[in-house]
Each structure stands twice: as structure tokens, then as C-alpha cells.
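Report on the structure given below.
Just so you know, ligand 1 is whichever comes first in the structure, and atom 1 is the first atom listed for that ligand.
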Amino acid sequence: MTETIKETREFQTETKQLLDLMIHSIYTSREIFLRELISNASDAIDKIRFESLTDQSLLEGNTNFEIILLPDEASKTLTISDNGMGMTYDEVIENLGTIAKSGTKAFLEKLKDTGAGSANDLIGQFGVGFYSAFMVAKKVTVITRAPGQAKGVRWESSGDGTYTIEACNKESRGTTIILSLTEEHCSSEQPAENFLDRYTLQKLVKKYSDYIRYPIKMSFIKEEKPRDAEGQVIENAPSTQTTEVRTLNSMTPLWTKNKNEITKEEYHQLYKNLFHSWDDPLEVIHSKVEGVVEYTTLLFIPSHAPFDFYNRESTTGIQLYSRNVFIMDNYKDLIPDYLSFVRGLVDSPDFSLNISRELLQHSSQLKKVGKNLEKSILKSLESMLTKERSKYETFWKEYGRAIKSGVYSDFQNREKLQELLLFPSSQANDQLTTIAEYVSRMHEGQNYIYYAAGKDRSSVERLPQMELLKEKGIEVLYLLDRVDEFAIDALHEYKGKRFQSISKGDLKLDGINDADADQETDKLAKENESLLKAIKEQLDGKVADVKISNRLKSSPVCLVSGENSISLSMEQILSEIDKTPYKAQRILELNPHHKIFTVLQKHYQKDPSSEAFKDYCELLHGQALLLEGLIPEDPVNFAEKIAVLMAHSSDK
Ligand code: ADP
């Protein structure tokens with residue numbers, strides 16, 4: 001093979017910014033670089049093990065999987081080697097030179113908003129592990145070879161904006177990372193900051209990486225004076241140097257222990273390790289199941305939803321193990337999409353190690369396990385809601401939308417999911433309420449659960465349709481998130497109580513409005529039959545019906561949708577998502593007690609074909625549209641009519 005020329009390349013702008021941040025801004029817990037590099041090494045070994053299940057030749061006979069730490073006083077370097085998957089030339093550029101993952105960019109943007117102080121928290125969410133090496137090293141050298149490649153690759157950077165890359169010889173498969181430590185991180189004065197110190201390394205591995213499933217070995221040179229026949233040290237003899245290798249981690253998977261033997265801290269460390277997170281999880285769910293299929297699950301709800309959670313392709317963060325041995329990552333179909341934020345693992349002696357992905361997909365054991373996982377996640381959320389409300393609300397802020405999407409995607413668990421929903425409401429100020437809590441506050445005789453959809457609290461509160469309910473002191477759930485109405489529609493009812501939109505069909509007020517009021521509405525409708533018909537004709541095709549309203553108190557008019565039609569707010573959402581326009585059946589409701597209604601009656605009686613009557617109809621319709629956040633069909637015409645009306649009123 002011809003020698004490849006050594007190239008100097010620039011980091012992507014974002015990478016450069018990130019490196020700057022790593023080197024200058026993040027002072028705390030620099031020691032976690034070791035955890036990050038060990039995790040990467042362990043992942044790389046997982047990868048080759050998995051790939052080798054279908055292609056043995058990748059292993060090149062090198063199957064003693066291990067991670068080796070080599071502190072070297074003479075060169076002031078700490079070397080971390082693995083015999084994992086390694087990287088090809090292009091992969092090195094992609095993984096270490098550019099940020100293929102949009103994560104870093106999003107990370108930096110978020111950091112701009114929140115300030116450098118939160119960098120430690122943020123990094124965990126975005127996973128920029130490798131670069132943490134620059135927190136302790138003035139130069140990082142990566143020598144790596146992927147299986148089947150004749151040559152290896154040597155990458156080097158001082159974190160100053162450029163890196164070099166060239167082909168090189170590398171005998172063994174895998175990756176070696178050489179950290180040339182900065183002066184402060186190899187001085188023996190402060191052992192905790194000295195990453196050449198054997199005890200420091202030992203302690204750090206115990207603390208962060210004890211459960212890594214491959215041996216993490218430390219290789220170091222031991223100097224010893226020889227001993228005499230009685231075992232006494234011979235002081236004046238020259239020392240001998242021997243290389244000692246010690247395994248630092250116990251490799252006992254935490255989840256195999258009994259729950260009561262595990263501390264919260266241990267769970268959290270494992271989570272950070274397995275899922276490259278820098279912050280603690282919100283919740284841990286650990287259970288052992290015995291039955292037809294025997295397995296252990298350890299699940300975590302991360303404290304924060306990934307930044308792209310709601311618009312990425314769904315992946316699941318569930319790892320599969322068989323008797324503590326990793327089989328695969330990201331196993332889809334194990335838990336439903338809406339719970340894809342859950343991270344964790346399932347370990348079962350019943351899973352076969354040599355199983356292919358395709359076969360796994362059809363395994364009925366896994367289906368059963370999946371069902372149970374879902375059940376235990378929902379149960380844990382239910383208990384969080386009743387016992388730790390504020391924690392649950394934190395959860396809701398991050399994942400509420402996911403639960404709502406579960407309501408319409410997971411028919412079987414709908415009854416459980418409906419209990420987990422939270423909504424703002426007209427009663428609960430800034431607090432959130434469950435549907436059960438709403439029901440417990442329902443008035444005597446109230447048969448429906450009322451809700452209103454809108455873009456925020458204040459616009460919903462001011463909807464004309466709210467007027468009567470406000471007056472009667474009836475609580476209304478506020479559906480302020482775009483997906484809320486879809487979830488409520490899917491539910492249809494809660495324990496026999498139907499959901500009723502305040503802007504849809506007839507506002508069913510049985511049990512609330514007195515019989516007299518209803519009779520009055522009917523009477524007025526009869527008396528004004530021809531007027532209502534004339535308005536409908538005037539608004540030709542724009543509304544399906546014109547009615548006397550029983551829900552308006554001070555507003556003259558409102559627009560509602562038909563009983564069996566989609567709502568107006570849904571119409572807007574759907575037409576944004578899909579170009580085919582979904583239309584709500586629109587009904588114009590008039591307040592018979594408003595002064596405008598009397599004026600309308602007068603114009604109609606005088607001359608139903610007059611311009612004045614026509615203009616009034618148009619203007620009322622336009623107003624009703626505006627109240628719903630919709631623009632009148634012909635805004636210019638609408639504005640002109642208002643101008644004329646205003647000019648007239650000043651004549652008087
Ligand atoms: P993350 O591990 O979160 O993906 P990193 O910045 O730590 O992010 O690593 C970037 C990528 O570089 C990894 O996804 C992996 O593909 C590759 N990589 C890092 N370390 C190793 C290693 N020891 N062996 C093989 N590939 C590695």
C-alpha cells in the first residue's frame with residue numbers, strides 16, 4: 001500500500017466551539033473523561049461482538065475482549081486501549097472531526113440560551129463524550145484499526161481548531177487513545193487530579209465503571225528490590241522492574257443484585273454509564289419476573305427528554321442481555337413508540353445469545369416481555385402521580401405529549417393512560433388537574449366533562465363560548481397543546497362521563513341550565529325562524545346553520561362546529577399537517593339578548609334585501625371567525641365594511 005500523506009484538517013465550527021468550551025469553561029468533574037472513554041471502548045467491543053455473530057472472521061482470532069489503561073510516568077501519558085470495532089479512515093473523520101450528529105449544534109445553541117454554567121448538565125443530554133478528553137489532555141492521539149483493514153489510522157489534535165490524520169500501521173484491531181496530560185493533571189501533588197496515579201485511576205474505575213462488562217485492566221510497571229532467602233528486602237541491590245496487570249472492575253452487573261442491596265447512587269452511576277448521561281435519572285424501575293419467561297428489568301426515566309424527542313425517528317433505549325452478556329441495543333418493538341423515552345435493559349437467561357435480529361423480532365417471549373415492561377412503566381407512573389405529585393409534574397413537562405400520543409395509539413392501555421393525563425383548567429389556576437380530580441369537583445347533576453381548546457390560557461379564557469359556564473361556575477379543562485384534542489377525541493368518555501367541547505354542537509347543559517332557560521331558547525328560535533334562515537342564506541355556504549345560542553352571555557356571536565364534525569381548532573391543525581383541507585361544519589350562534597340582535601331584527605323587518613342587513617350578517621360572521629383565530633375570507637371587504645359603519649356612527 002502506498003503511504004497516505006498526512007493531512008491537516010480543520011474541525012467543523014461547532015466542534016471547535018465545543019472544544020473551547022471543554023477546555024475553558026467546564027471546571028467541575030473533569031475526572032469523568034475516563035468514564036466517557038471507557039464507555040466508548042465498551043460500546044466498541046459490544047459492536048464487534050454483535051457483528052461477529054453473523055461474521056466470525058471480523059474477530060481475527062482476537063476474542064479476549066478487554067480495556068487496558070496504561071499510565072506512563074516517563075511520557076506523562078495515559079493510554080486507553082480496547083479491542084473493539086475500531087474505526088476506518090472515513091469513520092475517524094466523521095466521528096472525531098466533524099459533528100455528524102446534529103446534537104452538538106443543538107447543544108451549543110441551548111448553551112447560548114442558558115449560559116455556560118449549565119454546560120455540565122447539558123452535555124449529558126447531547127452526548128459529546130470523546131471530546132471530554134481535552135479537559136485533561138493537551139494533546140490527544142487516536143490510533144485505530146477496523147477489522148479487515150490492512151492499515152490503521154492515526155488522528156491527533158491539540159484541541160486548537162485543527163487535527164491531523166494519516167494512515168499508520170496497527171497490528172491489533174481496535175482503538176488506542178493516548179492522552180498527553182496537561183501539567184496539572186499529571187503532577188503528583190494532588191492525587192485526585194493526577195490521572196497517572198494508580199490509586200486515583202483505580203478509584204475512578206470503581207466509582208464510574210465498575211459494572212462495565214469487560215475487564216478494565218491497569219497495566220503498570222512495578223519496581224521492586226529483590227529479597228533474600230528469609231524474605232527480607234535487600235536494600236542495596238538494584239531494583240527489578242516488572243509489568244503488573246490488575247483488573248479494576250468487578251464486572252458484576254448491578255441488576256443481578258437484590259434491590260435492597262443497591263443504593264440510589266449505584267443505580268444512578270450505572271445509568272450514566274450505560275446511557276452516556278451526565279445527569280441522574282428521574283425514576284428507576286427495577287424488577288425481577290419469574291414465570292414462563294424469566295427475566296430482570298432495570299428501567300430508567302431520564303430527567304430530560306432528548307432535545308429532538310418529538311420529531312425524530314423513534315428509537316428505543318432498551319438493551320437486551322442474556323445472563324449478563326450484552327446482546328443488542330436499541331431493540332425496537334419491545335416497548336411501544338410512545339414510551340421510547342425510557343432507557344434500560346432486560347436480562348433473561350431465556351434469550352439466546354446467537355439469535356439474529358430478524359429472529360428476535362418474531363420472538364413471542366419478547367412480545368410477552370414487552371407487554372410486561374409497558375405495564376410496569378405505567379404502574380410506576382401511576383404511583384408517582386399519587387405519591388410524588390411534583391415529581392410527576394416534572395415528568396409531565398418532559399413527556400406529557402408522549403403519554404397523550406399513547407392515548408390514541410395504544411387502545412389496550414387507554415384506561416390506564418387516561419388516569420395519567422394532566423390538564424390546566426378554569427378552576428385550577430396555574431395548577432394541573434387529572435380527569436379524576438375534575439370529576440370529583442363536578443357539580444351535582446353535571447353529566448359532561450367540558451373542555452375548551454385554544455392556543456393559550458388567556459385566549460381560551462376569553463372565548464365567548466366560556467361565558468355561560470363561567471357564570472354557572474362550571475369547570476372547563478383547557479386543551480392548550482395541539483395534540484390534546486386528539487387524545488380527548490380518542491377517549492370519548494371517562495368512566496361514563498362524555499367529554500363535551502364548549503365549541504361544538506349543542507352545549508349540553510342538562511343538569512346545569514334550568515328547564516326555563518332551555519324553553520326560552522327554543523321559543524326564541526321559533527320566533528326568529530325566518531330571520532335565522534335569511535342570515536344563513538346571506539352567508540351562503542359559509543356556515544351550515546345559524547342558531548339562537550344558549551351559551552353566550554355578553555358576546556353577540558360565536559362560531560361552533562357541528563356535533564359530529566371535527567372542531568375548528570382541529571381543522572386548523574390538520575390543514576397545517578396535511579395539505580388536504582379538512583373542514584369543520586360551522587354553525588353561527590347568535591346571542592338573542594345582545595343589542596346587535598335587536599338591530600339585526602330591525603333591519604330584517606325593514607327590508608331583508610337591504611345592503612345594511614347583508615353587511616350586518618357579513619360583519620357578524622367575520623367577528624365570529626376572528627374570535628376563533630381565523631381570518632375572514634375577504635379581509636379587505638371586512639375592513640371596508642367596518643370603516644363605513646364607524647363613519648356612520650360618527651354622523652349620529
Ligand atoms: P457518543 O459516544 O455519544 O456517540 P463520542 O463523541 O464519545 O459520542 O464518540 C463519537 C463516535 O466515535 C462514537 O459514536 C463512535 O462511533 C466513535 N468512537 C469513539 N470512541 C471509540 C472507540 N474507542 N472505538 C470505536 N469507535 C469509537
Side-chain angles (χ1 to χ4, degrees), residues 11-12 14-19 21-22 26 32-52 58 62 65-70 78-108 122-137 140-149 152-157 159 163 165 170 172-179 208-209 212 214 216 271-279 302 306-308 312 315 317 319 329-330 343:
F11 283 111
Q12 243 184 1
E14 286 88 13
T15 318
K16 240 188 270 181
Q17 288 170 307
L18 183 72
L19 284 174
L21 192 87
M22 283 288 177
I26 305 170
I32 59 93
F33 79 93
L34 190 63
R35 177 185 81 194
E36 296 299 305
L37 298 183
I38 288 175
S39 280
N40 280 350
S42 166
D43 288 352
I45 299 176
D46 279 347
K47 223 181 267 175
I48 186 121
R49 287 196 53 204
F50 186 75
E51 298 289 330
S52 72
L58 292 175
N62 177 349
F65 300 112
E66 59 188 8
I67 298 161
I68 293 173
L69 307 184
L70 185 78
L78 173 64
T79 301
I80 298 139
S81 310
D82 65 65
N83 52 354
M85 194 64 186
M87 286 176 269
T88 63
Y89 195 89
D90 291 344
E91 281 166 349
V92 170
I93 295 175
E94 172 153 334
N95 292 331
L96 309 184
T98 58
I99 303 290
K101 301 159 288 185
S102 57
T104 305
K105 202 165 173 184
F107 167 76
L108 289 164
L122 282 177
I123 284 172
Q125 292 176 51
F126 295 95
V128 279
F130 169 75
Y131 300 102
S132 63
F134 288 99
M135 300 198 299
V136 297
V140 177
T141 310
V142 178
I143 301 164
T144 183
R145 184 170 71 75
Q149 300 282 317
V153 186
R154 183 191 160 93
W155 178 101
E156 194 166 87
S157 174
Y163 63 88
I165 181 163
K170 187 176 190 301
S172 58
R173 178 202 70 230
T175 303
T176 296
I177 298 179
I178 305 162
L179 306 177
Y208 292 116
S209 313
I212 290 284
Y214 307 106
I216 303 167
Y271 164 76
K272 290 176 181 171
N273 236 314
L274 289 182
F275 300 102
H276 300 260
S277 173
W278 288 33
D279 52 7
F307 67 98
D308 57 351
R312 65 170 183 191
T315 57
Q319 305 180 339
D329 217 344
N330 257 331
R343 297 278 167 272

May I ask which of T175, D82, N95 has a heavy atom nearer to atom 17 (C) of ligand 1 than the others do? N95
Using a 4.5 Å cut-off on heavy atoms from C-beta on, say whether the side chain of F65 contacts that of I48. yes
At a 4.0 Å cut-off, with the gap strictly under it, does some heavy atom of M87 reach an atom of ligand 1? yes
Kindly say whether D279 contributes a backbone atom to a donor-acceptor pair with the side chain of Y271 at under 3.5 angstrom? no
Looking at ligand 1, does any of its N/O atoms fall within less than 3.5 Å of an N/O of N40? yes
Does S39 reach the main-chain N or O of R35 with its side chain, forming a donor-acceptor pair under 3.5 Å? yes
Look at the side chain of R173 and the backbone N and O of N62, then say whether any donor-acceptor pair between them is shorter than 3.5 Å. yes
Going by distance only, is there an N or O of F130 that falls short of 3.5 Å from an N or O of ligand 1? yes
